[in-house]
Student: 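Once you've had a glance at the structure underneath, I'll fire off some questions.
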There are 2 protein chains.
Amino acid sequence: MSAVREGGLPFRLTRQRRAILEEVRAAGGHPRAADIFLQVRRREPRLAYATVYNTLHLLARHGLIQSFDFGEGASRFDPRTDRHDHLACRNCGRLVDVEIDLGQAARRLQEETGFSVEAYHVEVRGLCPGCQRAEGD
Amino acid sequence: MSAVREGGLPFRLTRQRRAILEEVRAAGGHPRAADIFLQVRRREPRLAYATVYNTLHLLARHGLIQSFDFGEGASRFDPRTDRHDHLACRNCGRLVDVEIDLGQAARRLQEETGFSVEAYHVEVRGLCPGCQRAEGD
DNA sequence: CTGAGATTTAGACCAGATATAAAAACATCA
DNA sequence: TGATGTTTTTATATCTGGTCTAAATCTCAG
Ligand SMILES: [Mn+2]
Ligand SMILES: [Mn+2]
Ligand SMILES: [Zn+2]
Ligand SMILES: [Zn+2]
């Protein structure tokens, strides 16, 4: 019988992994893998890029963080682990956490389509207050 | 004063562009740029890949088609031009058009956050009927 | 200690997407 | 109709996020 790991996780929370997880939490937003890499690298100069990718996906797969794709090329990682939605500024890219309850609609879809609905994510786009002011065209 | 182009478009609807647009419509789903390229190439053997990319984005920018990113790497193009949402099978990737009205929630968000909300898109994930049957693990 | 398995490193590799420059197609008008 | 400027296409190089691999390193139960 193997010893219980920290937090009962099915993988080792090594120095590198812990640093990556803490950086996602400390970043205070929705950082990209490259952001994490550059930041953690200052404490762990030998850290490899692949380790960041692998770890971020590992952490996401096990629910310690979430990963979102807003079609910008790079994924955005999120320290929040609960279901929630996002409001994105089309000008500056700022991401704000929001909450939209679609329980009703989800059940309706399930009946209408035969799909078993497991999750949903709403992406709302617009202009943040700052960018509204700056815009005139 | 320049002559009015077909449909009053601000660009020429050339043989290649027309073929690409028609293929998006004929594909009957949510094709990728590569799908369009391979298909149109059978009628236009000299068609370049870049022309497909440029044209798809051109058509999307001018509202003749839509473009969606489901985080699969390649974008999905859509002959529908009206706002709508998508139900995606996490197993086979099948995409079904659905409609979810978020007008109420959008107005609420606008007030709460100060953002001017311009658009939204709901991505619902689950298992399609076929894949439900095939799954047992 | 020691060896098997887990993890990290370093760098090659892949695909979608984008940029560029030259060639070709097209529109306009003398 | 032929000259000329503009738009579009082609062909190819380049960029970038992401993935893969193999060797080195680490960890821990025995
Ligand atoms: Mn978030
Ligand atoms: Mn659609
Ligand atoms: Zn903004
Ligand atoms: Zn399916």
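When reading the values below, keep in mind they use all heavy atoms of this one structure, side chains included, and skip hydrogens, waters and symmetry mates.
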Student: Can you pull out the residues from residues 38-62 of chain B that lie within a 4.0 Å heavy-atom distance of DNA chain C?
Tutor: B:Ala50, B:Tyr53, B:His57
Student: Are any of the side-chain heavy atoms of A:Leu95 and A:Arg76 separated by less than 4.5 Å?
Tutor: yes
Student: Rounded to whole Å, how long is the line connecting atom CZ of B:Arg15 with atom P of C:dA25?
Tutor: 9 Å
Student: With the threshold set at 4.0 Å, does a side-chain nitrogen-carboxylate oxygen contact exist between B:Glu112 and B:Arg108?
Tutor: yes
Student: My understanding is that only residues two or more places apart in sequence, or in another chain, count here; which of them pass side chain to side chain donor-acceptor pair (under 3.5 Å) with A:Glu123?
Tutor: A:Arg125
Student: Which residue pairs pass the salt bridge (charged side-chain N to carboxylate O under 4.0 Å, His left out) test when at least one of the two sits in residues 87-102 of chain B, sequence neighbours left out?
Tutor: A:Glu118-B:Arg90, B:Arg80-B:Asp97, B:Arg80-B:Glu99, B:Arg90-B:Glu135
Student: Establish, with yes or no, whether the OP1 or OP2 oxygen of C:dT7 is under 4.0 angstrom from a side-chain nitrogen or oxygen of A:Arg17.
Tutor: yes
Student: Starting from C1' on C:dT7, measure out to CG on A:Leu9 and report it in whole angstrom.
Tutor: 15 Å
Student: I need the minimum non-hydrogen distance between B:Val117 and B:Ala106, along with the two atoms involved.
Tutor: CG2-O, 3.9 Å
Student: Starting from P on D:dT9, measure out to CZ on B:Arg12 and report it in whole angstrom.
Tutor: 8 Å
Student: Considering only heavy atoms from C-beta outward, does the side chain of A:Asp85 approach that of A:His121 to under 4.5 Å?
Tutor: yes
Student: What's the CD1-C1' distance between A:Ile36 and D:dG17, to the nearest Å?
Tutor: 15 Å
Student: Using whole Å, what does the distance between atom C1' of nucleotide C:dT8 and atom CG of A:Leu13 come to?
Tutor: 15 Å
Student: Would you mind listing every ring pair (Phe, Tyr, Trp, His ring centres under 6.0 Å) that reaches into residues 12-34 of chain A, with sequence neighbours excluded?
Tutor: A:His30-A:His86
Student: Once salt bridge (charged side-chain N to carboxylate O under 4.0 Å, His left out) is applied, do any residues pair with A:Arg43, and if so which ones, sequence neighbours excluded?
Tutor: none
Student: Look at the side-chain N and O atoms of B:Thr14 and state whether any lies under 4.0 Å from the OP1 or OP2 oxygen of D:dT7.
Tutor: no
Student: Please tell me if A:Gln16 has a side-chain N or O lying less than 4.0 Å from either OP1 or OP2 of D:dC26.
Tutor: no
Student: From CZ of A:Phe37 over to P of C:dG11, roughly how many Å is that when rounded to an integer?
Tutor: 12 Å
Student: Considering only heavy atoms, which members of residues 64-74 of chain B lie under 4.0 Å from some atom of DNA chain C?
Tutor: B:Gly73, B:Ala74
Student: Decide yes or no for B:Arg41 and B:Pro45: does some side-chain heavy atom of the first lie under 4.5 Å from some side-chain heavy atom of the second?
Tutor: no
